[in-house]
Amino acid sequence: DTAVSQTPKYLVTQMGNDKSIKCEQNLGHDTMYWYKQDSKKFLKIMFSYNNKELIINETVPNRFSPKSPDKAHLNLHINSLELGDSAVYFCASSQEGLAGGTTQYFGPGTRLTVL
Amino acid sequence: SQELEQSPQSLIVQEGKNLTINCTSSKTLYGLYWYKQKYGEGLIFLMMLQKGGEEKSHEKITAKLDEKKQQSSLHITASQPSHAGIYLCGAGVNGGSYIPTFGRGTSLIVHP
């Protein structure tokens with residue numbers, strides 16, 4: 001069984017549209033994350049949730065809104081998509097916050113292309 | 001915020017050769033992670049180092065955190081094509097909260 005899964009794997013859409021990416025983890029972890037990896041492979045944290053509570057929000061435009069219905073799910077909704085949003089988005093989870101020295105488990109990524 | 005510089009940016013080696021990837025921080029590292037990303041896939045955890053001078057090995061990959069805890073090196077012995085991918089170091093301390101930060105990655109190609 002996949003530990004951290006994301007859907008869809010690929011997403012191609014027009015500028016101005018609203019889209020969502022879903023993430024689910026079956027590891028029983030308390031903390032989940034969203035990362036953005038740009039075309040130069042630079043991986044940058046966007047959000048982190050611990051037990052459905054937002055704990056990291058790293059200068060991400062308001063168009064991006066994470067939603068955690070329960071601690072096993074962290075979805076990412078993006079409004080009014082822009083060309084610069086094209087990237088690979090990774091979801092990850094960890095047993096506890098990273099400061100405790102725990103390991104992150106990553107999903108396979110969602111490649112978003114905005115035309 | 002934490003800055004992590006990786007070198008080299010890319011590496012092409014012949015199968016069987018040894019290689020080293022470095023990760024240097026602008027600040028003291030509290031927990032340094034190494035990940036591997038296969039092309040087009042997610043990140044796979046390799047190792048975590050926390051104590052200065054700590055060294056860990058997994059199969060033919062060894063990682064070390066220097067005593068001053070501002071640099072880590074990843075060494076691959078007798079490289080194989082299966083080692084190909086992007087290696088990323090990750091860490092993060094930003095004031096009182098932990099903000100995970102990654103280096104820009106080192107792309108490794110191993111020619112058979």
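Letters A, B, ... mirror the listed sequences (proteins, then strands); counts begin at 1. Small disclaimer: the values here were computed from a predicted structure and weren't measured.
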- In terms of heavy-atom contacts, does CD of B/Glu5 have more than 12 from other residues, nucleotides or ligands at under 6.0 Å? no
- Nearest heavy-atom approach of A/Ile45 to B/Pro100 is CG2-O, 3.4 Å
- Query: Would you find more than 12 non-hydrogen atoms of other residues, nucleotides or ligands less than 6.0 Å from A/Tyr105 atom OH?
  - Reply: no
- Exercise: identify the closest heavy-atom pair between B/Tyr33 and A/Thr103: CE2-CA, 4.3 Å
- A/Gln37 versus B/Phe102: any side-chain heavy-atom pair under 4.5 Å? no
- Query: Rounded to the nearest 0.5 Å, what separation is found between the CG atom of A/Asp38 and the CZ atom of B/Arg104?
  - Reply: 6.5 Å
- Item | More than 12 heavy atoms of other groups within 6.0 Å of A/Glu53 CD | no
- Within one Ile-Leu-Val-Met-Phe-Trp-Tyr cluster: A/Phe64 and A/Leu81, side-chain cutoff 4.5 Å: yes
- Message: Please determine whether the number of non-hydrogen atoms from other residues, nucleotides or ligands lying under 6.0 Å from atom NZ of B/Lys64 exceeds 12.
- Response: no
- pair A/Phe106-B/Glu41: side-chain heavy atoms closer than 4.5 Å: no
- Item | B/Leu43 versus chain A, the contacting section by heavy-atom distance below 4.5 Å | both
- Message: Assigning hydrophobic clusters by single linkage (Ile, Leu, Val, Met, Phe, Trp, Tyr; side-chain heavy-atom cutoff under 4.5 Å), is A/Tyr89 placed with A/Leu11?
- Response: yes
- Output the distance between atom CG (B/Leu88) and atom CG (A/Leu43), rounded to the nearest 0.5 Å. 6.5 Å
- Message: What's the separation between atom CD in A/Gln104 and atom CE in B/Met48, rounded to the nearest 0.5 Å?
- Response: 11.5 Å
